[in-house]
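First comes the structure, then the notes that go with it.
Residue numbers run from 1 in the order of the sequence given. As the structure lists them, so they are numbered: ligands from 1, and atoms in each ligand from 1.
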Amino acid sequence: MDLGIKGKRALVCASSKGLGLGCAEALAEAGVDLVMNARGAEALEASAADIRTRFGVDVVTVAADVTTAAGQAAVLEAAQGVDILVNNAGGPPPGMWSDWDRDDFIAALDANMLTPIALIKGLVPAMMDRGWGRVVNITSQSVKAPIAVLGLSNAARTGLTGYVAGTSRQVAGSGVTINNLLPGIHATDRAVSLDTGVTKAKGITMEEAKAERCATIPAGRYGTREEFGAACAFLCSKHAGFIVGQNILLDGGGTNATI
Ligand code: NAD
């Protein structure tokens with residue numbers, strides 16, 4: 001399928017690895033020029049070079065922590081005029097509800113709610129002026145069904161989801177769509193770190209921890225960054241203009257719900 005976005009430009013945050021990289025690769029395959037961001041310059045440059053070679057698109061890199069004011073300023077400067085924004089950043093650490101204090105919540109809200117909102121405010125007005133734009137926020141299945149040890153994530157991402165629900169309806173008339181992609185368990189560094197948490201909590205091996213988590217997924221496996229990226233690219237395509245303010249689960253059936 002021709003996604004109809006060849007020649008457009010996208011900012012993909014947190015995209016040197018994992019789900020962000022999957023989104024960057026799928027957009028590049030559709031002919032989209034990229035601004036890629038991640039914290040570590042080395043992995044970012046390696047991924048950018050690989051994408052340039054494989055897809056022949058223009059890639060600008062911004063090595064910065066996108067959850068900081070300085071990081072957002074650097075990313076926004078490089079990304080002015082983009083047609084597509086993919087919001088992403090690392091998730092908060094797991095823990096126990098009774099241990100989290102105000103600073104923990106502020107950090108989680110900054111990373112997973114206020115950062116995407118700042119980038120939406122910085123980039124969507126120009127999309128509206130041009131009459132076309134796409135925003136995809138990478139959130140989590142924990143928005144639909146809470147994961148108790150990820151209380152900081154549950155809270156911050158649900159806050160973003162509420163913001164998107166209203167804002168997406170305010171900008172849709174200008175040709176800009178905002179939607180959320182909700183990953184379940186995917187084979188990325190984040191999954192390795194969560195599996196490691198399970199090994200420590202239960203005193204089991206990595207293989208046992210992975211098998212235990214796979215058993216919770218009807219598809220019987222973890223998702224891949226390629227599958228995730230393809231869904232993102234479709235949401236950013238010319239065909240997805242009527243999809244507004246939605247929360248789309250990619251979880252292999254892990255969330256046991258009818259709708
Ligand atoms: P990951 O840890 O594999 O990805 C890391 C990437 O994000 C790297 O490129 C890193 O440089 C970049 N990054 C992280 N924090 C950043 C920051 N503050 N500024 C700039 N770049 C930053 O993570 P992932 O598995 O790809 O997950 C992406 C998002 O989806 C995370 O918020 C994660 O919590 C969420 N999520 C992941 C899963 C999963 O199973 N992988 C499930 C549910 C939710």
Side-chain angles (χ1 to χ4, degrees), residues 11-25 34-48 50-51 61-76 78-79 86-94 107-116 118-119 136-147 149-158 160-161 180-198 209-210 213-214 216-217 219 221-229 231-232 247-252 254-255:
L11 166 61
V12 186
C13 299
S15 59
S16 67
K17 299 177 188 170
L19 304 182
L21 177 58
C23 296
E25 291 171 319
L34 299 174
V35 179
M36 291 175 69
N37 151 258
R39 280 175 304 197
E42 200 177 323
L44 178 63
E45 292 307 332
S47 294
D50 180 56
I51 285 179
T61 55
V62 183
D65 182 338
V66 75
T67 66
T68 65
Q72 285 160 28
V75 159
L76 283 173
V86 179
N87 273 314
N88 185 30
L109 292 172
D110 261 339
N112 299 112
M113 178 182 172
L114 299 177
T115 294
L119 298 185
V136 174
N137 304 299
I138 300 179
T139 65
S140 173
Q141 66 180 0
S142 68
V143 168
K144 290 251 186 191
I147 301 169
V149 293
L150 293 177
L152 295 171
S153 172
N154 299 338
R157 297 185 197 278
T158 306
L160 175 66
T161 305
N180 304 315
L181 279 180
L182 283 53
I185 303 174
H186 283 71
T188 70
D189 289 354
R190 169 79 168 170
V192 172
S193 116
L194 292 176
D195 286 347
T196 305
V198 174
K210 196 172 171 197
R213 293 219 295 157
C214 278
T216 68
I217 307 170
R221 63 174 177 87
Y222 290 3
T224 69
R225 75 165 197 256
E226 290 81 5
E227 291 170 314
F228 193 89
C232 175
N247 292 284
I248 298 172
L249 266 173
L250 287 95
D251 71 345
T255 304

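- At a heavy-atom distance under 4.0 Å, only side-chain atoms of I138, from C-beta outward, approach ligand 1.
- Under 4.0 Å from ligand 1, not a single heavy atom of L194 appears.
- Closest heavy-atom contact between I217 and G252: CG2-O, 3.6 Å.
- Scanning the protein heavy atoms around atom 29 (C) of ligand 1, the nearest turns out to be N88 OD1, 3.2 Å.
- Nearest heavy-atom pair, L160 versus M113, reported as atom, atom and distance to 0.1 Å: N-CG, 3.8 Å.
- Counting heavy atoms from C-beta on, the side chains of S15 and V86 never come closer than 4.5 Å.
- In this structure, atom 15 (N) of ligand 1 lies nearest to the protein heavy atom G90 N, 3.0 Å.
- Among the candidates N137, V136, N88, the single residue satisfying the side chain to side chain contact (heavy atoms under 4.5 Å, CB included) test with L181 is V136.
- Under a 4.0 Å heavy-atom criterion, T139 is in contact with ligand 1.
- Annotation: side chain of L21 is in contact with side chain of I51 (closest heavy-atom distance under 4.5 Å).
- Under the side chain to side chain donor-acceptor pair (under 3.5 Å) rule, D195 has a single partner from R213, K210, R190, which is R213.
- Shown in contact with S140 at under 4.0 Å from a heavy atom are these atoms of ligand 1, numbered in order with element: 43 (C), 44 (C).
- Ligand 1 has A64 within reach: a non-hydrogen atom of the residue lies less than 4.0 Å from it.
- The protein heavy-atom contact nearest to atom 4 (O) of ligand 1 is K17 O, 4.1 Å.
- Closest to atom 41 (N) of ligand 1 among all protein heavy atoms lies T188 OG1, 3.0 Å.
- Heavy-atom minimum distance, A78 versus V35: O-CG2, 3.7 Å.
- Counting protein heavy atoms only, atom 31 (C) of ligand 1 is closest to A89 O, 3.2 Å.
- With hydrogens left out, the protein atom closest to atom 18 (N) of ligand 1 is D65 OD1, 2.8 Å, a heavy atom.
- In this structure, R157 is part of the shell of residues with a heavy atom less than 4.0 angstrom from ligand 1.
- Of all atoms in ligand 1, numbered sequentially from 1 with element shown, those under 4.0 Å from a heavy atom of G18 are 3 (O), 26 (O).
- Ligand 1 does not have G223 within reach: every non-hydrogen atom of the residue lies 4.0 Å or more from it.
- Across L19, L249, L250, a single residue satisfies side chain to side chain contact (heavy atoms under 4.5 Å, CB included) together with P183, and that is L19.
- Between N87 and C13, the shortest heavy-atom distance links the atoms OD1-SG, 4.3 Å.
- N37 places a side-chain N or O within 3.5 Å of a backbone atom of A64 that can act as its donor or acceptor partner.
- Of all the listed residues (A191, C13, G184), G184 holds the heavy atom that lies closest to atom 38 (C) of ligand 1.
- Taking each of N87, V192, L19 in turn, the one with a heavy atom nearest to atom 26 (O) of ligand 1 proves to be L19.
- Taking both residues in full, the closest heavy atoms of L34 and A24 are given as CD1-O, 3.6 Å, listed atom of the first, atom of the second, then distance.
- Shown in contact with A38 at under 4.0 Å from a heavy atom are these atoms of ligand 1, numbered in order with element: 9 (O), 11 (O), 20 (C), 21 (N).
- For atom 12 (C) of ligand 1, the closest non-hydrogen atom on the protein side is A14 CB, 3.4 Å.
- Two residues are said to be in side-chain contact when any heavy atoms from C-beta on lie closer than 4.5 Å; L182 and S140 fail this criterion.
- In terms of protein heavy-atom proximity, atom 36 (N) of ligand 1 is closest to P183 CG, 3.7 Å.
- Using modelled atom types, one side-chain atom of T115 and one backbone atom of D110 make a donor-acceptor pair closer than 3.5 Å.
- With atom 1 (P) of ligand 1 as the reference point, the heavy atom nearest to it among H186, R225, R190 is part of R190.
- Below 4.0 Å from some heavy atom of S16 lie the following atoms of ligand 1, by number and element: 8 (C), 9 (O), 11 (O).
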